[in-house]
Structure formats: C-alpha cells, structure tokens
Amino acid sequence: RPSVISSRALPFSQIAIEFRRNNKPFGGELMKNLLITTLAILAIAIGTELRAASDTLAPVTVEEAMAAEVVQRQLDAYNSGDIDAFVATYHPDVVLQWKGRDPFATNLDDVRRIYGALFEKRPDLYAVILSRSVDGNTVIDRERLVGSTREVIARYEVRDGKIAKVFFERIEAPTAE
C-alpha cells in the first residue's frame, strides 16, 4: 500500500526550524511542505477513524435484518399478550428448550397451549431487551421480565423467516450494592 505522506513532506518541527533559520516569509516551498504534511496527517487520521469504525460496525445483511425483525415481532406480541401474532412468528417445526433440559415445545400447538395459558394467567407480563446481538440467522437477547429480577439469555435461530429454535438460559441478575 503506498504511503500517504510524500517523501518531500517535512514534519512541523522541521518546517518551523527551517523558517526561523532562513527567516523567510511563509510561502513558496516551505508553504507547500506544510500543506502536504497537514494533508497527510489528516488523511492518516481520517483513515484510522474509518478503519476503526468499520471494524466495530459490521454491515447488516438481509438475513440479519430479517432475523432481528421476526424476533422483535415475537417480543412485541409477547408484550401485548397477542397469542395469534406470537404463534405466527414461529416455524411449524419449532423447538423451545431450557439449557440442559429436554424441549418443552416442539410444534406450534405446544407454543399456543403453553404461552396462551401464560398470557391468560399473567396479562401484565412484559419483557425488556437489555441487549441484542445478531449474527446471520441467530439473534441473542438478554431479557428481563418487568417486575422481576429474573434475567434470561434467549438464543433464537430463524429459518424461512420464522423462529425455528429457541434456547433459554437463566442467569443471575446483577445486584445493586
């Protein structure tokens, strides 16, 4: 990769020394060197900032956007207690499972029965996303139930635009000291 700084560019300190030594007006070759050096420093600074931003902000793919969208629709339906909208976000062959346990739901009828009863029993149920990450067709949420200190990591796998698998893991919520 070619260097941004010209071999004729001088550091600012050398320009200042040369200016004092020759007692010349600020112009001509000296001004040209100052301008080249300034532009080179700016180009390096901007290039470094752009590289840093691109390293931390990965581009969002269509697959990632679709996965995040269906998981968000599922959360919105959960929070409103809308069982039809909730079930509509799941794949017909859905599997829901707590870490280290057998699946507790393996189809849409299971999801409707389990969550329908939960929505009827707890109409005030509401979950908040504390953090979300998306990688391809996988969405990982850290969630907290409002009115509770219970936190859950939910890993959603999306297939054909629907949630196909969800793995839940309870975690200890941080305590205030």
Looking only at heavy atoms, the pair that brings Gln97 and Phe104 closest together is N-CE2, 3.8 Å
Exercise. Is any side-chain heavy atom of Ile171 less than 4.5 Å from a side-chain heavy atom of Arg142?
Worked result: yes
ask   = Taking atom CG of Asp82 as the centre, does the number of heavy atoms from other residues, nucleotides or ligands within less than 6.0 Å exceed 12?
value = yes
Identify all side-chain donor-acceptor contacts of residues 111-120 below 3.5 Å with residues at least two apart in sequence or on another chain.
{"from": "Arg112", "atom 1": "NH1", "to": "Asp84", "atom 2": "OD1", "distance (Å)": "2.8"}
{"from": "Arg112", "atom 1": "NH2", "to": "Asp84", "atom 2": "OD1", "distance (Å)": "3.4"}
{"from": "Arg113", "atom 1": "NH2", "to": "Asp110", "atom 2": "OD1", "distance (Å)": "3.4"}

Residues joined to Phe167 in its hydrophobic cluster, side chain to side chain under 4.5 Å directly or through other members, sorted by chain and number, are none
Looking only at heavy atoms, the pair that brings Arg73 and Gly161 closest together is NH2-O, 4.3 Å
Glu63 and Gly136 have their tightest heavy-atom pair at OE1-CA, 3.5 Å
Under 4.5 Å between side-chain heavy atoms, hopping through other hydrophobics if needed: is there a path connecting Leu108 to Val95?
-> no
Practice item. Answer yes or no: is there a side-chain heavy-atom contact under 4.5 Å between Ile163 and His91? Key: no
Applying side-chain hydrogen bond (donor to acceptor under 3.5 Å, both in side chains) to Gln72 and not counting sequence neighbours gives Asp76, Arg132
Salt bridge (Lys or Arg N to Asp or Glu O under 4.0 Å) filter on Glu157, not counting sequence neighbours, yields Arg155
For residues 85-104, the salt bridge (charged side-chain N to carboxylate O under 4.0 Å, His left out) pairs (sequence neighbours left out) are Lys99-Glu169
With sequence neighbours left out, the residues meeting side-chain hydrogen bond (donor to acceptor under 3.5 Å, both in side chains) with Glu143 are Tyr156
Side-chain donor-acceptor distances from residues 121-130 under 3.5 Å, at least two apart:
{"from": "Arg122", "atom 1": "NE", "to": "Asp124", "atom 2": "OD1", "distance (Å)": "3.4"}

From the list Val71, Val70, Leu75, side chain to side chain contact (heavy atoms under 4.5 Å, CB included) partner of Thr89 resolves to Val70
Using a cut-off of 6.0 Å, state whether more than 12 heavy atoms not belonging to Lys165 lie near its atom NZ.
no
Across all chains, not counting sequence neighbours, the salt bridge (Lys or Arg N to Asp or Glu O under 4.0 Å) partners of Arg170 are none
Hits for side-chain contact (heavy atoms from CB on, under 4.5 Å) against Val152, two or more places apart or cross-chain, chain-then-number order -> Trp98, Arg150, Phe168
